Amino acid sequence: SINHERLLTEAARFIRDCYRELGLPQEQQEERIREIEEEIRRSGTYAHTRAELVHGAKMAWRNSNRCIGRLLWETLEVFDERETKTAEEAYDKLTRHIRHATNGGNIRSTITVFPPRKDGTDPLRIRNHQLIRYAGYREGESVIGDPASVGFTQTCERLGWRGEGTPFDVLPLVIEERGQEPKLFPLPEELIMEVQITHPDLPGMAGLGVRWYAVPIISDMRLEIGGIDYPTAPFNGWYMGTEIGARNLADTGRYDLLPSVARVMGLDTRSARSLWIDRALVELNVAVLHSYRQAGVTLVDHHTAARQFRAFEKKEQDAGRAVTGNWTWLIPPLSPAATHIFHRPYDNEVLKPNFFYQKD
Ligand code: HEM
Ligand SMILES: N/C(=N/c1cccc(CO[C@@H]2CCNC2)c1)c1cccs1
């Protein structure tokens, strides 16, 4: 069928790229493509070998145009959990992922790959945006916690979850088995490493009682390799400080902390010309970098991350691959023009394997 033809085309392109990069001989590549052709003819799909899955996941990271952290794409650790059947089994793999990735603060970039889509349906889905995230409770005009989580928090409450109502309640996992009701799995506290945000020179910062979690683990994107869709493949790296200090804690539509930081700094917030917003932003980001280092949790500042990305650009050039990127995402939200990224264009061609948003 036409779909089988399309799948074979995607598969053949992936096998050619993957086997060449792994230095495998031409005949082995051709024999593998014939094997896959046979499997698609017989069953309508095909299964990746362990080696194809591992390298395909690394290629997907390398092809993520919006990611500034791609220099380390080959260090990704891949857990092959494609045999997982139930939501309970998936929960166990997810707690193991969190423990392995956290590693006491010395964060390891990790991805866990669950079963692929089959006959157009997903055997398992994680409904969380990230495995670890804070709840958001709407109280009339205002929100307690993370406004970005208000919708998902309501979903969890409809499923029977009750949070403590603090601004930093860690949400439960919501795992859905094909065709069944989604199930709630609270995360044990001892599993979740967090960092208290303090400032080296502003004692008032600690008084804000602000914290953030150590490990960002994206759990709602689809991993596509050689025409096969993995709708559940949670992956983590470590944070770049600005994600926390210039967005999650600073956006007026998130924790909106800049007025509070300005107060702690004794700034005049009555006129924009005083640049109090900019001064508060810098000190909040100084606090984030200071706190994660003091807690021994891996974190990269946006200047170092930009330099590592520059090294990635060179490395790709040397490998004979044109670097692709999305400029609007690659520039950091704080001091963008102070990085080389701001001053050059990037080709936003979408290569595969890659990670994609999914409609639901
Ligand atoms: C190791 C440290 C890493 C750092 C510091 C890093 C940094 C970043 C940053 C700052 C963003 C933009 C996020 C935003 O603005 O909301 C991003 C996007 C992204 N990163 Fe990385 N990253 C790292 C590792 C990884 C890994 C291991 C993967 C996958 C295997 C990955 C895949 C992606 C993808 C797919 C996006 C785009 C997400 C979207 O479109 O919403 N990154 N990264
Ligand atoms: N540092 C990170 N940052 C992010 C990477 C991808 C996505 C996100 C969150 O994206 C949300 C959707 C658009 N902005 C917020 C954050 C990583 C998470 C997982 C691996 S590295």
Side-chain angles (χ1 to χ4, degrees), residues 53-79 97-98 100-103 105-113 126 128-134 146-149 151-152 212-225 230 232-251 253-255 285 288-289 292 297-312 324-336 339 341 346 348 350-358:
L53 184 78
V54 168
H55 196 69
K58 294 178 180 182
M59 292 168 80
W61 180 9
R62 191 184 76 209
N63 289 333
S64 296
N65 287 352
R66 294 170 162 179
C67 181
I68 195 172
R70 290 180 277 167
L71 175 62
L72 297 174
W73 67 274
E74 290 166 295
T75 68
L76 183 66
E77 296 188 48
V78 182
F79 287 126
H97 182 125
I98 295 172
H100 181 83
T102 305
N103 188 31
N106 183 15
I107 296 174
R108 294 181 279 211
S109 298
T110 311
I111 185 169
T112 298
V113 185
I126 301 166
N128 306 60
H129 164 59
Q130 294 184 33
L131 296 188
I132 301 165
R133 225 186 181 201
Y134 297 125
D146 192 343
S149 294
F152 184 68
W212 202 257
Y213 51 93
V215 191
I217 314 173
I218 299 299
S219 47
D220 60 1
M221 293 187 82
R222 169 174 65 86
L223 165 60
E224 183 180 331
I225 302 174
Y230 295 95
T232 306
F235 60 85
N236 76 280
W238 46 83
Y239 267 117
M240 180 163 81
T242 49
E243 297 181 77
I244 306 166
R247 299 303 313 276
N248 300 343
L249 297 179
D251 283 3
R254 299 293 297 280
Y255 280 78
N285 280 273
V288 167
L289 290 166
Y292 273 65
V297 176
T298 313
L299 183 81
V300 66
D301 68 83
H302 49 299
H303 304 291
T304 303
R307 294 208 341 254
Q308 292 165 346
F309 187 68
R310 182 92 189 75
F312 173 67
T324 58
N326 181 328
W327 187 90
T328 65
W329 277 63
L330 288 169
I331 56 170
L334 189 59
S335 313
T339 72
I341 298 170
Y346 290 89
N348 194 26
V350 177
L351 305 177
K352 291 182 194 175
N354 213 321
F355 294 99
F356 298 97
Y357 290 157
Q358 22 199 1

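All figures in this text were calculated on a predicted structure; none of them were measured in a lab. Reckoned from all heavy atoms, side chains included, excluding hydrogens, waters and symmetry mates. For ligands, and for the atoms within them, numbers begin at 1 and follow the listed sequence.
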Does the N or O separation between Y357 and ligand 1 drop below 3.5 Å for any pair? yes
Anything protein N/O/S under 2.8 Å from atom 21 (Fe) of ligand 1? Just list residue and atom, please. C67 SG
Which part of N236 is near ligand 1, with near meaning a heavy atom under 4.0 Å away: side chain, backbone, both or neither? backbone
Contact partition for W238 relative to ligand 1, non-hydrogen atoms under 4.0 Å: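 It is both backbone and side chain that touch ligand 1.
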Nearest to atom 12 (C) of ligand 1, what protein heavy atom do you find, and at what distance?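 Among all protein heavy atoms, the one nearest atom 12 (C) of ligand 1 is W329 CE3, 3.9 Å.
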I'd like to know if the side chain of S64 reaches the main chain of A60, judged simply by a donor and an acceptor atom lying under 3.5 Å from each other, with no hydrogens or angles considered. yes
So for ligand 2, is W238 a polar contact partner (N or O within less than 3.5 Å, distance only)?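 W238 vs ligand 2: N/O contact under 3.5 Å present.
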For ligand 2, is there an N or O atom under 3.5 Å from any N or O atom of Y357? no
Check for me whether A305 has a heavy atom closer than 4.0 Å to any atom of ligand 1. no
Taking 4.0 angstrom as the limit and counting only heavy atoms of N236, give me the atoms of ligand 2 inside it, by number and element.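 Within the 4.0 Å cut-off of N236, ligand 2 contributes 19 (C), 20 (C).
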Taking only non-hydrogen atoms of G237 and a 4.0 Å limit, the atoms of ligand 2 in range are 19 (C), 20 (C), 21 (S)
Sorted by chain and number, sequence neighbours left out, ring pair (Phe, Tyr, Trp, His ring centres under 6.0 Å) with F355 holds for F235
Using a strict cut-off of 4.0 Å, indicate which atoms of ligand 1 neighbour a heavy atom of E243.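 In order of numbering, the contacting atoms are 10 (C), 13 (C).
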With atoms numbered from 1 as shown, which atoms in ligand 1 lie under 4.0 angstrom from a non-hydrogen atom of S109?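 Ligand 1 atoms under the 4.0 Å threshold to S109: 1 (C).
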Does at least one non-hydrogen atom of H129 fall below 4.0 angstrom from an atom of ligand 2? yes
I'd like to check atom 15 (C) of ligand 2 in this structure: does the protein have a heavy atom lying under 4.0 Å from it? no
